[in-house]
Asker: 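Below is one structure. I have some questions about it.
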Amino acid sequence: MKRSPPVTEQALLARVNDLAAKTINQIANDLNMFVPESLLKAKGWMGELIETALGANAGNTAQPDFVELGIELKTLPIDRFGKPLESTYVTVVPLLDRQQFSWEKSEVYGKLKRVLWVPIISERHMSVGERQVANPFIWSPDHHDMQILKTDWHEIMDMVALGQVEKLNGRFGTYLHVRPKAANSRCLTNAYAEDGSIMQTLPRGFYLRSDFTRKILSDVFR
DNA sequence: CATTGATCATGG
DNA sequence: CCATGATCAATG
């Protein structure tokens with residue numbers, strides 16, 4: 001039932017290339033998985049399907065999906081022209097980290113340093129099963145993009161450390177921005193207040209803007 | 001119509 | 001609650 005993880009990057013590429021051009025129905029049928037009518041009540045389903053198909057093994061730990069390879073898997077919904085339809089979730093924002101202030105040790109860096117992108121043509125009018133895998137590829141940020149990601153991360157984490165998490169909103173950040181990441185708007189978690197005490201606030205996540213993922217695709221396929 | 005803010009499912 | 005997987009949907 002569960003597939004073992006690929007041992008090499010080459011093996012992972014071979015597996016994911018087998019998915020290229022397949023419909024979601026084909027992939028799910030091969031795995032004996034049921035395809036939901038809608039993703040409204042199954043928002044993570046696409047990602048879980050591709051994880052299963054490829055043998056990802058990180059579970060819900062805060063590590064890249066293919067732990068030994070250090071590669072993060074991201075499905076990316078695109079329209080028929082290859083334009084991303086959504087932002088891409090990266091990881092939760094650590095609200096109580098005043099120490100571990102190193103970009104290279106951050107979970108954002110750990111996940112974005114090497115990513116297997118699996119674009120899926122997922123226009124809303126298409127049924128889930130008819131949606132189709134496009135051209136997957138493994139990517140790392142170039143130096144320029146890495147600097148921008150690092151700067152975004154530092155600016156956001158500085159605000160968190162200064163107790164300004166509630167001043168953060170989706171307008172901050174060039175590539176990486178911060179949005180709510182919770183079951184609903186009543187969820188609360190601890191964070192620093194501006195006076196250094198502990199306050200309660202809505203949990204947040206780091207997301208990649210779709211402008212940036214659009215650029216990634218155009219850099220690769222130009 | 002793009003973007004920001006809100007929400008859904010699951011496992012530990 | 002916190003982490004994973006994201007998409008939905010109100011708003012400007």
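So you know, we letter chains A, B, ... as the sequences are listed, proteins then strands, and number each from 1. Since the structure is predicted, the reported quantities are computational estimates derived from the model, not experimental observations.
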Asker: If I take atom CZ in residue R209(A) and atom P in nucleotide dT3(B), what distance separates them, rounded to the nearest angstrom?
Answerer: 8 Å
Asker: Map R131(A) and Q63(A) onto DNA chain C by nearest heavy atom, then report which one ends up closer to the 5' terminus.
Answerer: Q63(A)
Asker: L208(A) has an atom CG; how far is it from atom P of dA6(C), in whole Å?
Answerer: 12 Å
Asker: Starting from C1' on dT7(C), measure out to CD1 on I24(A) and report it in whole angstrom.
Answerer: 14 Å
Asker: Side chains of E104(A) and K113(A), heavy atoms from C-beta outward: is any pair under 4.5 Å?
Answerer: no
Asker: Given dC1(B), is OP1 or OP2 found less than 4.0 Å from the side-chain N or O atoms of K83(A)?
Answerer: no
Asker: Would you please confirm or rule out a distance under 4.0 Å between OP1 or OP2 of dA6(C) and any side-chain N or O of T75(A)?
Answerer: yes
Asker: Over how many whole Å does the gap from E37(A) atom CD to dA9(B) atom C1' extend?
Answerer: 17 Å
Asker: Does OP1 or OP2 of dT7(C) have a side-chain N or O of Y89(A) closer than 4.0 Å?
Answerer: no
Asker: Quick one: is dT10(B) close enough that its OP1 or OP2 comes under 4.0 Å of any side-chain N or O from K43(A)?
Answerer: no
Asker: Under 3.5 Å, is there an N or O donor on one side and an acceptor on the other linking the side chain of Y207(A) and the base of dA6(C)?
Answerer: yes
Asker: Quick one: do R15(A) and D18(A) make a salt bridge, cutoff under 4.0 Å?
Answerer: no
Asker: Please determine if a side-chain N or O atom of R171(A) lies less than 4.0 Å away from the OP1 or OP2 oxygen of dG5(B).
Answerer: yes
Asker: Is the distance from OP1 or OP2 of dT4(B) to the nearest side-chain N or O of S87(A) less than 4.0 Å?
Answerer: no
Asker: Would you say the base of dT4(C) and the side-chain of K181(A) have a donor-acceptor pair closer than 3.5 Å?
Answerer: yes
Asker: Out of dC8(C), dT4(C), dA6(B), which has the shortest distance to the side chain of L202(A)?
Answerer: dA6(B)
Asker: Starting at atom CD of E48(A), determine the distance to atom P of dA9(B), rounded to an integer number of angstrom.
Answerer: 12 Å
Asker: I want to confirm an ordering. Mapping A42(A) and P203(A) to their closest nucleotides on DNA chain C, which one lands closer to the 5' end?
Answerer: P203(A)
Asker: Of the candidate nucleotides dT4(B), dT3(B), dA6(B), which contains the atom at the shortest distance from the side chain of S185(A)?
Answerer: dA6(B)
Asker: So that I know where these two stand, are F206(A) and Y89(A) an aromatic pair - ring centroids less than 6.0 Å apart?
Answerer: no
